[in-house]
Amino acid sequence: MTDHYRVLGLDKGASQDDIAIAFEELLAARRSKRQKTSDLHAALAVIGDPTLRRAYDLACFGKAASDTIVQAAVQARELVPDVSVQELVHETWQLTLKAVMLTSGATARVANITAVLSRKLHDAAGRRLALDLADD
């Protein structure tokens, strides 16, 4: 699962202002070097929206909890022989995948909307510039 905080170089406790500033700085730096920016837009779409951010944080928490449960189950295997590590791994993995599906689906929709709006703004700015140049 992509670490959207790491993409923007932020900690999980970053404020919305910190997120916006980091996005703009990284976006400007990458654009000046003609590097791809889709991961920045995806990160902003997820952690820039408070609702999606909470869902993403829960998915990350679920993944971390899953890893901890699996480690504990492996260690407990010697103490309690009837613990089915395979079953625990399967169940925690299913929960993690469900959380990722919810988050990634929402992320994809937001990224698509952002792309459409960006194209419309670009086209509108181009038309406005053409009109302004025609008036001069």
Nearest-0.5 Å distance that lies between atom [atom1] in [X] and atom [atom2] in [Y]:
{"X": "K98", "Y": "Q94", "atom1": "NZ", "atom2": "CD", "result": "6.5 Å"}
{"X": "S32", "Y": "L27", "atom1": "OG", "atom2": "CG", "result": "10.0 Å"}
{"X": "R119", "Y": "T114", "atom1": "CZ", "atom2": "OG1", "result": "10.5 Å"}
{"X": "L52", "Y": "H4", "atom1": "CG", "atom2": "NE2", "result": "9.5 Å"}
{"X": "I21", "Y": "S15", "atom1": "CD1", "atom2": "OG", "result": "7.0 Å"}

Do [X] and [Y] come close enough that some side-chain heavy atom pair is under 4.5 Å?
{"X": "L26", "Y": "L8", "answer": "yes"}
{"X": "L40", "Y": "R30", "answer": "yes"}
{"X": "I47", "Y": "K12", "answer": "no"}

Query raised in the report: Step by step, would you call Q16 with I19 a side chain to side chain contact (heavy atoms under 4.5 Å, CB included)?
Result: CA-CA 5 Å; Q16 292 301 114; I19 293 168; 3.6 Å; yes

Query - Donor-acceptor contact present, side-chain T96 to main-chain T92, <3.5 Å - result: yes

Query raised in the report: So, D11 side chain and A14 main chain: donor-acceptor pair closer than 3.5 Å or not?
Result: no

**Report entry** From CA spacing to verdict: side chain to side chain contact (heavy atoms under 4.5 Å, CB included), Y56, Y5
**Finding:** CA-CA 10 Å; Y56 172 74; Y5 292 103; 3.6 Å; yes

Report task. Write out all pairs satisfying ring-ring contact (aromatic ring centres under 6.0 Å, His included) with one or both partners inside residues 14-44, taking only residues at least two apart or from two chains. Result -> F23-H41

Report summary line: What one should report as the nearest heavy-atom pair of P50 and G48 is CD-O, 3.7 Å

Query raised in the report: Taking it one step at a time, do T2 and D39 satisfy side chain to side chain contact (heavy atoms under 4.5 Å, CB included)?
Result: CA-CA 9 Å; T2 302; D39 60 332; over 6 Å; no

